[in-house]
Amino acid sequence: MDERDWLTAGVRAAATERTLRAGQALFLQRSRPVGLYEVVSGKLRLVRVDRSGREAVLHSACAGQTIAEASLFSSTYHCDAIASARTIVRLYPKAVVLAEFRRNPKAAEAFMAMLGRQVMDLRTKLEQRNILSARERIVHYLTANAGAAGSTVAVTGTLKDLAGELGLSHEALYRTLAEMASAGEIERGRGTISLVKSKL
């Protein structure tokens with residue numbers, strides 16, 4: 001099932017697109033929601049910033065994924081959305097989406113199914129954050145994202161973005177990846193990391 005099965009022709013017709021440069025905010029925490037977004041190209045990170053200015057990455061979204069689904073039922077956005085690279089997004093207006101759900105139960109059901117899959121993904125990420133070892137956290141991430149048949153994960157954005165997603169300092173991520181590559185546990189390509197399963 002595609003993540004966007006809930007997008008009916010009526011909702012698609014109401015969409016507008018916007019282009020963001022790297023580092024530009026799509027929306028900020030506590031601002032009033034105008035709808036939810038689909039990432040057409042590029043990458044967005046959802047973050048909260050603590051008092052010291054440190055970013056906590058809640059989620060990274062790439063092409064084909066939607067963000068800010070909860071904003072349909074909230075009076076404010078709960079985090080900042082920042083472009084990690086040049087990014088094009090498509091806005092689906094809140095009023096149009098909610099009206100479609102009231103009119104079309106199948107679209108609402110498909111949307112709920114998508115949210116259910118997101119909850120499962122979130123639980124996997126929570127499991128990952130509870131792993132103390134940086135190496136084991138990286139192995140968990142690669143295993144979860146390579147899929148059952150594969151061993152290679154495409155890394156979109158920067159390694160600093162990945163470090164934030166994993167809840168590691170970028171120094172810890174760089175060091176651990178270098179150690180794993182030296183030990184033959186992973187192979188790094190241009191924009192990819194592959195697990196060498198015989199070494200794990």
Side-chain angles (χ1 to χ4, degrees), residues 1-49 55-101 104 107-108 110-122 125 141 144-147 150 152-166 170 189-193:
M1 179 182 288
D2 190 276
E3 288 293 303
R4 295 158 292 176
D5 283 349
W6 62 274
L7 286 169
T8 63
V11 172
R12 287 182 186 276
T16 57
E17 289 191 359
R18 180 178 170 191
T19 301
L20 304 166
R21 65 184 181 278
Q24 186 176 357
L26 175 61
F27 56 76
L28 297 175
Q29 187 175 1
R30 292 185 290 278
S31 57
R32 184 180 176 188
V34 293
L36 63 85
Y37 294 87
E38 176 186 0
V39 180
V40 178
S41 65
K43 188 170 186 178
L44 281 170
R45 63 187 188 278
L46 303 184
V47 301
R48 288 193 184 132
V49 180
E55 270 191 6
V57 179
L58 308 178
H59 178 63
S60 292
C62 54
Q65 295 182 319
T66 57
I67 63 164
E69 297 87 355
S71 70
L72 294 176
F73 311 100
S74 175
S75 59
T76 61
Y77 288 115
H78 73 285
C79 62
D80 299 345
I82 311 293
S84 297
R86 184 181 183 277
T87 300
I88 299 173
V89 296
R90 190 172 290 136
L91 168 67
Y92 299 104
K94 182 174 182 174
V96 173
V97 173
L98 292 177
E100 183 67 12
F101 289 164
N104 185 341
F111 184 76
M112 287 187 284
M114 180 189 72
L115 295 180
R117 291 189 295 275
Q118 289 183 356
V119 168
M120 289 187 287
D121 183 54
L122 177 59
K125 289 181 178 177
Y141 170 83
N145 288 279
T152 300
V153 173
V155 179
T156 57
T158 66
L159 284 180
K160 190 172 182 180
D161 293 336
L162 178 59
E165 192 173 341
L166 293 173
H170 61 276
R190 190 177 182 87
T192 63
I193 303 175

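In this structure, CD on Q24 lies 9.0 Å from CD1 on I82, to the nearest 0.5 angstrom. The distance from atom CG of L46 to atom SG of C79, rounded to the nearest 0.5 Å, is 4.5 Å.
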Output, in order, the C-alpha distance, side-chain angles, deciding distance and verdict of side-chain contact (heavy atoms from CB on, under 4.5 Å) for L26 and Y37.
CA-CA 10 Å; L26 175 61; Y37 294 87; 3.7 Å; yes
Should V155 and T192 be marked as a side-chain contact (heavy atoms from CB on, under 4.5 Å) after you check the CA-CA gap, both sets of side-chain angles, and the distance that decides it?
CA-CA 5 Å; V155 179; T192 63; 6.0 Å; no
Do E38 and L91 pass the side-chain contact (heavy atoms from CB on, under 4.5 Å) test, and can you show the C-alpha distance, the side-chain angles, and the key distance before you say yes or no?
CA-CA 7 Å; E38 176 186 0; L91 168 67; over 6 Å; no
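Between V47 and H59 the shortest side-chain heavy-atom distance does not fall below 4.5 Å. Residues T152 and I193 fail the side-chain proximity criterion, which asks for heavy atoms closer than 4.5 Å. The shortest side-chain heavy-atom distance between F111 and L7 does not fall under the 4.5 Å cut-off. At least one side-chain heavy atom of H78 sits under 4.5 Å from a side-chain heavy atom of L58. Within the 4.5 Å cutoff, side-chain heavy atoms of T66 are placed close to those of Q118.
Closest non-hydrogen pair, P33 versus S74, comes out as CG-O, 3.6 Å. Heavy atoms only, all atoms of each residue included: A14 and V96 are closest at CB-CG1, 3.8 Å. Here the closest heavy-atom approach between residue A25 and residue L20 is recorded as O-CD2, 4.1 Å. Counting all heavy atoms, side chain and backbone alike, G35 lies closest to S71 at O-OG, 3.2 Å. Smallest separation of non-hydrogen atoms from C62 and V39: O-CB, 3.4 Å.
When atom types are taken as modelled, the side chain of K94 and the backbone of L36 share no donor-acceptor pair closer than 3.5 angstrom. A donor-acceptor pair under 3.5 Å is absent between the side-chain atoms of S41 and the main chain of T87, judged by distance alone. Using a distance-only test at 3.5 Å, with no hydrogens or angles considered, a donor-acceptor pair links the side chain of D161 to the main chain of T158. Counting only distance, with no hydrogens or angles, the side chain of N145 and the backbone of Y141 share a donor-acceptor pair below 3.5 Å. Between the side chain of S31 and the backbone N or O of Q29, no donor-acceptor pair lies under 3.5 Å.
Between V89 and the choices L44, T16, V40, the side-chain contact (heavy atoms from CB on, under 4.5 Å) rule is met once, by L44.
For residues 69-89, no residue pair satisfies the salt bridge (charged side-chain N to carboxylate O under 4.0 Å, His left out) rule, not counting sequence neighbours. Applying the salt bridge (charged side-chain N to carboxylate O under 4.0 Å, His left out) test to residues at least two apart or on different chains, the pairs with a partner in residues 13-37 are E17-R90.
Side-chain contact, S84 with R45: a donor N or O sits under 3.5 Å from an acceptor N or O.
Using a 30° and 60° split on the angle between ring planes, Y92 and W6 fall in the perpendicular class, above 60°.
Qualifying ring pair (Phe, Tyr, Trp, His ring centres under 6.0 Å) partners for Y77, counting only residues two or more places apart in sequence or in other chains: F27.
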